[in-house]
Amino acid sequence: SVQWLHVLLGIVWFGYSLALAIFFIPAISRLSIPVQRQIGAALGERAKPIIDVVAPAILVLGFVRGTVLGPIRSVEDAFTTAYGITWLVAIVMIVAVFFWGRIVIIGAVNRLAAAPLTADGGPTPELEAALSRAKQVTVLELVGFFVIFTCMILMRFGL
């Protein structure tokens with residue numbers, strides 16, 4: 001059940017980020033800036049509390065899966081075995097991706113929300129730069145997930 005829940009929550013978090021990058025961001029990019037802001041704000045309000053529970057749960061379950069229910073029996077195992085090193089990389093990356101979202105992505109989205117529009121409701125250079133940054137940092141989060149996902153596959157095979 002620990003493994004099942006760990007994988008399910010990982011799918012929720014990683015799937016959310018993939019859906020943002022592949023479907024959501026390209027789709028709303030065709031809409032007007034005010035509509036993009038509205039939709040993005042609503043999505044963020046809905047997603048943040050869910051991810052704030054899901055990500056720490058993944059971390060705790062991964063810790064339990066690697067130690068209590070897994071091959072890591074000592075601190076030495078975590079630093080000297082292939083599985084332990086891969087497990088440590090995954091743990092560090094989960095924390096990094098979580099804080100990337102909390103600090104970098106939320107910061108970029110807040111700057112986007114605060115960026116001014118022109119008098120006729122069009123984008124200003126500040127808004128376009130903020131929008132571009134928000135899109136980039138959201139997509140860059142996927143690099144972290146790629147590393148985590150790779151670690152999960154390696155650990156499945158004992159590496």
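Index from 1, following the sequence.
In terms of hydrophobic clustering, with Ile, Leu, Val, Met, Phe, Trp and Tyr side chains grouped at heavy-atom distances under 4.5 Å, Ile106 and Phe99 are assigned to different clusters. Phe23 and Val139 fall into different hydrophobic clusters, where Ile, Leu, Val, Met, Phe, Trp and Tyr side chains are chained together by heavy-atom contacts under 4.5 Å. There is a path of hydrophobic side-chain contacts, each under 4.5 Å, that joins Leu142 to Ile51. Val2 is not connected to Val53 by any chain of hydrophobic side-chain contacts under 4.5 Å among Ile, Leu, Val, Met, Phe, Trp and Tyr, and they are in different clusters. A continuous path of hydrophobic side-chain contacts links Val97 to Ile153 [ILVMFWY only; heavy atoms under 4.5 Å].
Between the CD1 atom in Ile91 and the CG atom in Leu59 there is a gap of 5.0 Å [rounded to 0.5 Å]. Note that CZ of Phe146 and CG of Leu18 are 12.0 Å apart. Values are rounded to the nearest 0.5 Å. Atom CG of Leu112 and atom CD1 of Ile105 lie 13.0 Å apart (nearest 0.5 Å).
Between Met155 and Arg65 there is no side-chain heavy-atom pair separated by less than 4.5 Å. Between Leu8 and Gln3, every side-chain heavy-atom pair lies at or beyond the 4.5 Å cut-off. Two residues are said to be in side-chain contact when any heavy atoms from C-beta on lie closer than 4.5 Å; Ile11 and Val7 meet this criterion. With a 4.5 Å cut-off on side-chain heavy atoms, Phe98 and Asp52 count as touching.
Residues Val137 and Ala108 come closest through the heavy atom pair CG2-CB, 3.8 Å. Of all non-hydrogen atoms in Leu20 and Pro26, the two that sit nearest each other are O-CD, 4.0 Å. Of all non-hydrogen atoms in Met93 and Ile148, the two that sit nearest each other are CB-CG1, 3.5 Å. The shortest non-hydrogen separation linking Pro49 to Gly44 is CD-O, 4.4 Å. Across all their heavy atoms, Val75 and Phe79 have their closest contact at O-CD1, 3.2 Å. Scanning all heavy atoms of the two residues, the minimum distance from Ala115 to Leu127 falls at CB-CA, 3.5 Å.
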**Request:** Tell me, with the steps shown, if Arg133 and Val109 meet side chain to side chain contact (heavy atoms under 4.5 Å, CB included).
**Result:** CA-CA 9 Å; Arg133 172 80 174 148; Val109 169; over 6 Å; no
**Prompt:** For Met152 and His6, what are the C-alpha separation, side-chain angles and deciding distance, and is it a side chain to side chain contact (heavy atoms under 4.5 Å, CB included)?
**Reply:** CA-CA 11 Å; Met152 299 302 112; His6 179 68; 4.0 Å; yes
**Item:** Intermediate values then yes/no, side chain to side chain contact (heavy atoms under 4.5 Å, CB included), Cys151 and Leu154
**Value:** CA-CA 5 Å; Cys151 288; Leu154 291 172; 5.5 Å; no
**Request:** Report the C-alpha distance between Val35 and Ile28 in whole Å, list the side-chain angles of each, state the deciding distance to 0.1 Å, and finish with yes or no for side chain to side chain contact (heavy atoms under 4.5 Å, CB included).
**Result:** CA-CA 8 Å; Val35 173; Ile28 70 163; over 6 Å; no
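Remark: Phe24 CZ is packed, more than 12 non-hydrogen atoms of other residues, nucleotides or ligands lying under 6.0 Å away. By the 6.0 Å contact criterion, OH on Tyr83 is enclosed, its count of non-hydrogen atoms from other residues, nucleotides or ligands being greater than 12.
Take Pro116 and apply the side chain to side chain contact (heavy atoms under 4.5 Å, CB included) test, not counting sequence neighbours, and it matches Thr124, Glu126.
Checking side-chain atoms of Ser132 against main-chain N and O of Glu128 turns up no donor-acceptor pair under 3.5 Å. With Thr86 contributing its side chain and Leu159 its backbone, the two residues share a donor-acceptor pair below 3.5 Å. With Trp100 contributing its side chain and Gly144 its backbone, the two residues share no donor-acceptor pair below 3.5 Å.
Contacts classified as side chain to side chain donor-acceptor pair (under 3.5 Å) and involving residues 13-29 (residues at least two apart or in different chains) are given here: Ser17-Glu141, Ser29-Lys135.
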